[in-house]
Amino acid sequence: MAQSEQEILEGLAEIVNEETGLDTESVQSEKSFTDDLDIDSLSMMTIVVNAEEKFGVRIPDDEVKNLKTVGDAVSFIAKNQS
Amino acid sequence: MTAERRVVVTGLGATTPVGGTVPETWDAILAGRSGARTMPFDWVEKYDLPVKFAATLRTPAEEVLSKVEIRRMDPSAQFALIAAREAWADAGMPEGDPERLAACIGTGIGGVWTLLSQWDNLREKGPRRVFPLSVPMLMPNASSAAVSLEIGARAGAHTPVSACASGLEAMGYAYDMIRAGRADIAVAGGTEGAVHALPIAGFAAMQALSTRNDEPEKASRPYDTGRDGFVLGEGAAVVVVEEYERAKARGAKIYAEIAGVGMSSDSHHIAAPEPEGAGASRAMVEAVHRAGLSPKDIVHINAHATSTPVGDVAESNAIRRAFGDDTDGMPVSATKSMTGHLLGAAGALEGVLTILALKNRLAPATINLDDFDPAIRLDVVHGEARKLPEGDIAGLNNSFGFGGHNVAVVFTSV
C-alpha cells in the first residue's frame, strides 16, 4: 500500500536516527545527506537497505548517487512504491 | 648514551564482571564478590549449552555508550572504548603531540559477535543485508583503532594477539614503544566480548570450562581440589603508560612503574601448557632481570590461575622453577576466582589489580579456596587480603595463552 510523502519522510527520519543518532526533526526534505546531515557512504548504504525493507521498494546501487537530499529519497520511494 | 627511559602508569580504566569502573572493580575484589552468574540469554537453552553461566559485565555497555556507538562497534571494541575513556580521564587527559601518542589494545578473539550475526544475515536475508561496517567491526584491530580514534593517537595503533596473554602483551608492547623512543605516552590493555554461544561451545568441547551450573559464583576456584575449569568472562582493562620524566613534569598522579617485561613461547602444544613450566618461568625470570631486581624483591604475584586442573599446577611449577625457595615470600592472589577469565582482557585486568595491590599495599584474597590442592606449592592469599610491606615494593603479573604464549610483567611502587 502506497504511503504519503509525509509518512515516508517520517519513516526515513526514523531510519536515519537509528543509524546516525541524528534527531528525527533534523531530517527534512531540503537537507543534503552528505553536506547537511554528515552521512558517509557506508551509513548511506545501511539507510538505503533499511528503507528498501521498510517501504517495500528496490533502490538500485546506481540510483543511490542521485539521492542527494532527503526529498530526493522520499520522491524516489513514493514513485516506486507498489 | 642517555639514561634509559622509564615507563610509569598514570591512568587506569576497566569495565569488568564485578564493576563498571576501576574503583568499583577494586572494591568488589576486596569484598570477595564473584562476577559469575547464570546467563539469561535465550540462546543458552536454544543450543542446549553444557555451560549455563558466565562472568558477564556488571554494567552493560548499553548503559554507558550511545545507541550509535553500540550499533557501529562490536562488543569487544565497545568495552575497550569504555575502559580507555576512564583511563584517559583518570590520567587527566594529558595534552601533547599526537604523533608521540600510541594505542595498544590486545584481544584474544576479536569481533566474534559481528562475524556470526552478519553470517546469519547473509544466510537468512542475503548479501545486501550484511552491515556495511561488518569487516571493520569484526577485525581484531577494531579495538585499538577505536581507541586511537578516541584519543587521537598517531604514533601507532597496535593489536597484540596471543589468546589469553594478549592484554598483558599489549602493555608490554607499549612499554617497549616508550623505552625505544617510538612514543612518549600510550593507552594499553586488552578487551574481550566473547560470551557468545560459539566460543562457549568450543571451550566446553575441549573441557576447559567449569560446568558447576548450579553454583556459578563458586565455579571459579583456582588452587582448590574441586576446580573443574575456568569461567568465561568479558570486559576490558586499560592503563595509560607514560615516559617517567614527562609524567613527572606535568605533575601526573603515578600509580606504579612498569619495571620489567618478560616474554617467551613454549613450542610444546597448541593448547596445553608445558607441564614443567620451562617457558613460563623464563618469562618470569626475564621480567625480574630486566627490572634490575632479584626474586627476593617480589612481594606479590597476581597469578594467571584460571582454575583449570592442569594449568594451575603448571603455573605453580613454573613459579617454583623461576624463583626456587624465594617463592615462599611471594603471596599469590588468583583474582580470576572473582572476575572469571576475561581471555584477551585478563592480563590487562590483572595488571591493573597488581598495580592497585602495590598502591594500596594489599594482596587480594582468592575466593572459593576451601580445600587447598597439595600439588600447588605457593603461598596463596585467601580468607582475607594480605598486607604488603612498606617501602619500595615490586609485584609480578603472569599471563599465559593458548598457543604457548607466556608474558610476565614486574610492576614497582613509585
Side-chain angles (χ1 to χ4, degrees), chain A residues 8-28 31-70 72-74 76-77 79-82, chain B residues 59-82 84-85 110-111 113-152 154 157:
Chain A
I8 294 169
L9 177 63
E10 284 166 13
L12 196 58
E14 282 168 21
I15 291 171
V16 171
N17 165 264
E18 181 80 5
E19 170 62 19
T20 65
L22 286 168
D23 283 342
T24 49
E25 293 86 61
S26 63
V27 184
Q28 293 163 352
K31 293 287 169 73
S32 156
F33 285 110
T34 50
D35 299 339
D36 297 324
L37 303 179
D38 201 25
I39 289 169
D40 64 22
S41 60
L42 290 177
S43 288
M44 191 64 192
M45 281 316 298
T46 305
I47 290 166
V48 163
V49 170
N50 288 340
E52 285 183 342
E53 176 148 306
K54 188 164 196 152
F55 301 114
V57 293
R58 171 90 181 144
I59 308 174
D61 286 349
D62 49 5
E63 187 63 40
V64 174
K65 64 178 183 301
N66 299 327
L67 307 179
K68 304 237 184 280
T69 65
V70 173
D72 294 340
V74 170
F76 182 88
I77 291 164
K79 209 181 304 167
N80 290 278
Q81 259 185 340
S82 50
Chain B
T59 304
E62 290 77 8
E63 292 180 19
V64 186
L65 300 177
S66 73
K67 212 166 68 175
V68 173
E69 286 170 328
I70 294 291
R71 210 171 128 71
R72 293 185 178 182
M73 282 186 285
D74 185 85
S76 56
Q78 295 165 15
F79 305 164
L81 190 64
I82 291 169
R85 281 179 178 159
W113 272 99
T114 300
L115 177 67
L116 294 171
S117 67
Q118 298 308 315
W119 171 234
D120 288 345
N121 271 354
L122 173 64
R123 288 185 306 171
E124 291 162 14
K125 299 174 183 168
R128 244 177 115 71
R129 294 308 308 271
V130 171
F131 192 50
L133 289 174
S134 296
V135 172
M137 284 168 70
L138 67 83
M139 62 192 191
N141 55 309
S143 295
S144 60
V147 171
S148 80
L149 281 163
E150 174 75 12
I151 61 171
R154 293 186 172 149

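All figures in this text were calculated on a predicted structure; none of them were measured in a lab. Just so it is clear: chains get the letters A, B, ... in the order the sequence lines come, proteins before strands, and each one is counted from 1.
Minimum heavy-atom separation, A:Gly21 to B:Val68: N-CG2, 3.1 Å.
The CG atom of A:Leu42 lies 8.5 Å from the CZ atom of B:Arg72; values are rounded to the nearest 0.5 Å.
For a residue to count as touching a neighbouring chain, one of its non-hydrogen atoms must lie under 4.5 Å from one of that chain's; by this rule B:Arg128 touches chain A with backbone and side chain alike. For A:Glu18, the parts sitting under 4.5 Å from any heavy atom of chain B are the backbone and the side chain alike.
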Q: Quick one: do B:Arg129 and A:Asn50 satisfy side-chain contact (heavy atoms from CB on, under 4.5 Å)? Show the steps, please.
A: CA-CA 8 Å; B:Arg129 294 308 308 271; A:Asn50 288 340; 3.6 Å; yes
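A 6.0 Å sphere centred on CZ of B:Arg71 holds more than 12 heavy atoms belonging to other residues, nucleotides or ligands. The environment of NZ in A:Lys65 is crowded: more than 12 heavy-atom neighbours from other residues, nucleotides or ligands sit within 6.0 Å. By the neighbour-count criterion of 12 heavy atoms within 6.0 Å, atom CG of A:Asp38 is sparsely surrounded, having that number or fewer from other residues, nucleotides or ligands.
Ion pairing between a basic and an acidic side chain is recognised when a charged N comes within 4.0 Å of a carboxylate O; B:Lys125 and A:Glu53 show no such pairing.
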